[in-house]
Amino acid sequence: MNTPEWIKPAAYGAVAGGIAVAIVGFMWGGWVTGGSADARAQAAADTSRTDLAAAICVQNFLADEAARENLTEIKQIESSSQQRTFIESGGWAVMPDREAVARPTATLCARMLSGLDPIELPVVEDGEVIEEGEVTERDAAMEAPLQSAAEVAGEPPAQ
């Protein structure tokens with residue numbers, strides 16, 4: 001059987017092209033293997049779970065009647081590990097289905113709480129609000145409507 005003369009260079013070209021496409025795809029095209037996709041998905045799930053648990057911790061902290069005093073106390077603590085210990089000892093970071101606190105949750109909760117001002121919290125006695133918290137400029141800015149990317153860039157809105 002006679003094979004045409006062009007088969008050999010075409011086969012080499014196809015193999016070289018496939019290798020080049022694979023290299024470009026994995027290096028710069030965002031392609032990943034199944035194992036690394038699973039690892040990334042697991043890391044994203046863990047981060048999401050920690051974020052949610054920290055938000056619950058903040059809500060538990062703020063629901064405490066002594067939240068304003070506790071917030072003042074945690075803001076006076078300079079070490080992040082001591083802040084985490086304060087959150088752990090208060091029990092605010094214990095999730096309903098757990099007996100112990102996850103360290104990343106307590107750390108993130110402490111970091112989120114350290115960004116609050118005590119004056120923003122209401123004063124509560126016997127389950128009743130005695131004094132409302134103040135709205136600061138930072139809170140008002142966070143409640144402002146979101147701008148589109150074009151507005152942020154200074155472009156006029158599309159009609």
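- When all heavy atoms of Gln82 and Ile77 are compared, the pair lying nearest together is CB-CG2, 3.4 Å.
- Under the 4.5 Å side-chain heavy-atom criterion for Ile, Leu, Val, Met, Phe, Trp and Tyr, Leu62 and Ile87 are members of the same hydrophobic cluster.
- Phe61 and Val94 are members of different hydrophobic clusters when ILVMFWY side chains are connected at heavy-atom separations under 4.5 Å.
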Show me, pair by pair, the donor-acceptor contacts under 3.5 angstrom made by side chains of residues 103-114, not counting sequence neighbours?
{"unit_1": "Thr107", "atom_1": "OG1", "unit_2": "Arg103", "atom_2": "O", "d": "2.9"}
{"unit_1": "Ser114", "atom_1": "OG", "unit_2": "Ala110", "atom_2": "O", "d": "3.4"}
{"unit_1": "Ser114", "atom_1": "OG", "unit_2": "Arg111", "atom_2": "O", "d": "2.8"}

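- Interatomic distance, Glu73 CD to Leu71 CG, rounded to the nearest 0.5 Å: 10.5 Å.
- When all heavy atoms of Phe86 and Asn70 are compared, the closest pair comes out as CE2-O, 3.9 Å.
- Residue pairs that meet the salt bridge (Lys or Arg N to Asp or Glu O under 4.0 Å) test with at least one member in residues 83-96, sequence neighbours left out, are Arg84-Glu88.
- With sequence neighbours left out, the side-chain hydrogen bond (donor to acceptor under 3.5 Å, both in side chains) criterion links Asp46 to Gln42, Arg49.
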Let me check something: any side-chain donor-acceptor pairs from residues 8-33 under 3.5 Å, sequence neighbours excluded? List them with distances.
{"unit_1": "Thr33", "atom_1": "OG1", "unit_2": "Ser36", "atom_2": "N", "d": "3.4"}
{"unit_1": "Thr33", "atom_1": "OG1", "unit_2": "Ser36", "atom_2": "OG", "d": "3.3"}

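- Applying the salt bridge (Lys or Arg N to Asp or Glu O under 4.0 Å) rule to pairs touching residues 16-39 yields nothing, sequence neighbours excluded.
- When atom types are taken as modelled, the side chain of Ser89 and the backbone of Thr85 share a donor-acceptor pair closer than 3.5 angstrom.
- Residues passing the side-chain contact (heavy atoms from CB on, under 4.5 Å) test with Leu52 are Ile56, sequence neighbours excluded.
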